[in-house]
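Remember, predicted model here, so these are calculated numbers, not experimental data. For this chain, numbers begin at 1 and follow the sequence in order.
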Amino acid sequence: MTRNFQVIRLASFLGILLVLSVPARAQAQQQGGQQQSPPSLKPPDSSPNAPPSQAPQNQQPGQRSQNPPSTAAQRGKSGDNDTRAYIRTRTDIVVVPVTVKNHDGQLVGDLRRDEFRILQDGIEQKIIRFSSDPFPLSAVVVIDNNLSQKQSAQVQKSLIAIAAGFGPADEVAVTTYDQFPKTVSDFSFNNDQLFTTLKRLDLGSHFPGAGFDGGPLTAGPTANGHSLENGAPTPLGAKLPPQSKCLDDAVYAAAEMLKGRGRDRRKTVFLISDGNNARHNEHTFNQTIQLLLTGDVSVYSISVGHALLQHETARLEKYAADTGGDAFFAGNAADLERLYSKVTEQARNQYILAFTPEEADRTKDYHTIEVRVRRPDLDVSAREGYYSSAIFQPKQ
């Protein structure tokens with residue numbers, strides 16, 4: 001009886017131990033499970049100091065994602081950049097910058113590709129590239145350095161406003177000319193440097209009507225700048241007469257500077273002049289036009305002073321029309337400052353059309369170009385032709 005009682009007590013004791021050990025073992029297993037469970041997933045930190053996101057589980061480090069970029073991202077990497085790259089690498093295409101204005105002289109920037117037509121020698125061509133996006137500029141600012149005193153003072157006062165029309169992606173050089181062109185500063189992307197150059201530039205001038213007949217050695221006796229013989233002002237300090245300025249040579253030199261710049265840039269000459277031109281230029285007008293067209297260079301001319309009244313603007317307007325640029329007239333310094341920004345805006349925001357010449361007469365070098373738009377009542381400006389010798393290079 002006593003032995004049975006002891007067995008019962010031992011069994012009860014073991015049962016109590018078993019009951020007490022089960023919760024402890026369950027608690028230990030729960031704690032161990034918490035330590036081995038993976039961390040919870042959180043959205044990536046968008047702070048500037050956040051580490052780079054991890055690659056997906058099925059993607060090895062360095063492997064490109066199989067998910068294509070969004071349409072917006074594709075548009076951001078294509079479009080203008082693709083057109084510029086295409087133009088830069090292809091030498092068998094003709095690039096035609098086009099300016100379109102309404103009757104009020106305002107730029108029209110919403111035309112589509114299918115609204116343009118381009119004809120070569122009267123035969124319509126297929127437009128293989130089109131862009132309406134702004135292009136960076138490569139520009140040479142050419143300044144007449146032998147204006148009349150009044151004109152020179154007006155231009156001098158306005159010069160620093162030129163820099164405001166150019167951006168950080170634009171490269172600009174500055175030249176002056178009288179009998180010979182002179183490079184004041186070579187191409188630079190530094191707008192502050194351009195501003196300083198223009199601010200320090202000191203333009204010369206001549207007295208209206210001064211020629212080689214007068215001057216310090218032949219003017220006769222003077223007092224306070226007046227002749228003692230007749231009391232008239234003397235041309236002391238007069239520079240070259242306006243008929244001695246070589247306008248064609250100055251534009252030719254600017255075209256030489258620009259011809260080696262990239263085709264994916266808008267190459268422009270900004271010409272500030274009274275339009276007077278000597279007869280003894282080293283380069284003719286036709287030679288200069290050929291170099292401009294061969295190098296895809298456009299001329300934007302600003303006539304100053306009495307050029308309009310003296311009918312001296314014809315050459316300036318011809319340079320602009322033949323190369324697809326534009327011609328303007330400024331009567332004072334305020335007009336000049338306003339026109340500088342207008343000219344750069346217009347040059348930067350041209351449409352770009354490109355085509356591969358088809359059915360071209362290879363027996364002639366020069367071919368005419370005509371650009372039309374289907375939308376009515378618009379004014380279209382584009383270069384009037386191109387030289388095939390610049391397009392079809394002979395094989396080596």
Undergrad: Measuring from Asp326:CG to Leu316:CG, what's the distance to the nearest 0.5 Å?
TA: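 Reported to 0.5 Å precision, the distance equals 12.0 Å.
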Undergrad: When you check the gap from the basic side-chain N to the acidic O, do Asp114 and Arg374 get nearer than 4.0 Å?
TA: no
Undergrad: Are Tyr319 and Phe285 close enough that their ring centers fall under 6.0 Å?
TA: yes
Undergrad: After noting the C-alpha distance and the side-chain angles of Asp274 and Asn276, does the key distance pass the side chain to side chain donor-acceptor pair (under 3.5 Å) rule?
TA: CA-CA 6 Å; Asp274 62 5; Asn276 286 296; 2.9 Å; yes
Undergrad: May I ask you to test the Ile162-Val141 pair for a side-chain heavy-atom distance under 4.5 Å?
TA: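 Sidechains of Val141 and Ile162: in contact.
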Undergrad: If you look at every heavy atom in Val108 and Asn102, which pair is closest and at what distance?
TA: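 Shortest heavy-atom contact: CG2-N, 3.7 Å.
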Undergrad: Please say yes or no: joined through hydrophobic side-chain contacts below 4.5 Å, possibly via intermediate residues, are Leu147 and Leu336 part of one cluster?
TA: yes
Undergrad: Does one side chain, of Gln120 or Tyr386, offer a donor that lies under 3.5 Å from an acceptor on the other?
TA: yes
Undergrad: Mind checking whether Thr344 and Thr268 have side chains closer than 4.5 Å, heavy atoms only?
TA: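 When only atoms from C-beta onward are counted, Thr268 and Thr344 do not touch, as no gap falls below 4.5 Å.
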Undergrad: Closest approach of Thr288 and Asp248, non-hydrogen atoms and distance?
TA: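 Result for this residue pair: OG1-O, 3.6 Å.
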Undergrad: Do NZ/NE/NH1/NH2 and the carboxylate oxygens of Arg348 and Glu345 come within less than 4.0 Å?
TA: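 Judged by the 4.0 Å cut-off on N to carboxylate O distance, Arg348 and Glu345 do not form a salt bridge.
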Undergrad: I'd like to know if Lys126 pairs up with Glu358 as an ion pair, taking the criterion as any Lys NZ or Arg NE/NH1/NH2 lying under 4.0 Å from an Asp or Glu carboxylate oxygen.
TA: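 Here Lys126 does not pair with Glu358 in a salt bridge, since their nearest N and O are not under 4.0 Å apart.
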Undergrad: Test: ring-ring contact (aromatic ring centres under 6.0 Å, His included). Region: residues 152-180. Which pairs qualify, not counting sequence neighbours?
TA: Phe166-Phe270
Undergrad: Distance from Gln151 atom CD to Asn332 atom CG, nearest 0.5 Å?
TA: 12.5 Å
Undergrad: Could you tell me which non-hydrogen atom of Asn191 sits nearest to which non-hydrogen atom of Ala163, and how far apart they are?
TA: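 So the two residues come closest at ND2-O, 2.9 Å.
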Undergrad: Can you check whether Asp192's main-chain N or O pairs, donor with acceptor, with Asn190's side chain at less than 3.5 Å?
TA: yes
Undergrad: Is any side-chain heavy atom of Leu203 closer than 4.5 Å to a side-chain heavy atom of Ser152?
TA: yes
Undergrad: In the structure I gave you, are the side-chain heavy atoms of Pro357 and His367 within less than 4.5 Å of one another anywhere?
TA: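 When only atoms from C-beta onward are counted, His367 and Pro357 do not touch, as no gap falls below 4.5 Å.
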Undergrad: Can you tell me how far CG of Asp322 sits from OG of Ser298, rounded to the nearest 0.5 angstrom?
TA: 11.0 Å
Undergrad: Would you say Asp178's side chain and Asn145's backbone share a donor-acceptor pair under 3.5 angstrom?
TA: no
Undergrad: Taking Asn349 for the side chain and Pro134 for the main chain, is one N or O donor matched with an acceptor at less than 3.5 Å?
TA: no
Undergrad: Keeping Thr99 on the side-chain end and Ser381 on the backbone end, is there a donor-acceptor pair under 3.5 Å?
TA: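 Side chain of Thr99 to backbone of Ser381, a donor-acceptor pair under 3.5 Å: no, none is there.
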Undergrad: Taking the side chain as C-beta and beyond, is there a heavy-atom pair between Ile143 and Val184 under 4.5 Å?
TA: no
Undergrad: Return the minimal non-hydrogen interatomic distance between Asp110 and Arg375, and the atom names on each side.
TA: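 Taking Asp110 first and Arg375 second, the nearest heavy atoms are OD1-NH1, 3.0 Å.
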Undergrad: Please check if the side chain of Asp249 supplies one atom and the backbone of Asn281 the other of a donor-acceptor pair under 3.5 Å.
TA: no
Undergrad: List the atom of Ser158, the atom of Glu337, and the distance in Å for their closest heavy-atom pair.
TA: CB-CG, 3.7 Å
Undergrad: List the atom of Gln350, the atom of Gly324, and the distance in Å for their closest heavy-atom pair.
TA: NE2-O, 3.4 Å
Undergrad: Going by heavy atoms in the side chains, are Phe328 and Gln346 under 4.5 Å from each other?
TA: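 Phe328 reaches Gln346 side chain to side chain.
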Undergrad: Quick one: does any side-chain atom of Arg383 pair with a main-chain N or O of Val95 as donor and acceptor, under 3.5 Å?
TA: yes
Undergrad: Within the structure provided, determine whether Val140 and Lys267 are in side-chain contact (heavy-atom separation under 4.5 Å).
TA: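 No - every pair of side-chain heavy atoms lies 4.5 Å or more apart.
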Undergrad: Would you say the side chain of Asp121 lies within less than 4.5 Å of the side chain of Lys364, judging by non-hydrogen atoms?
TA: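 Result yes, sub-4.5 Å side-chain heavy-atom pair found.
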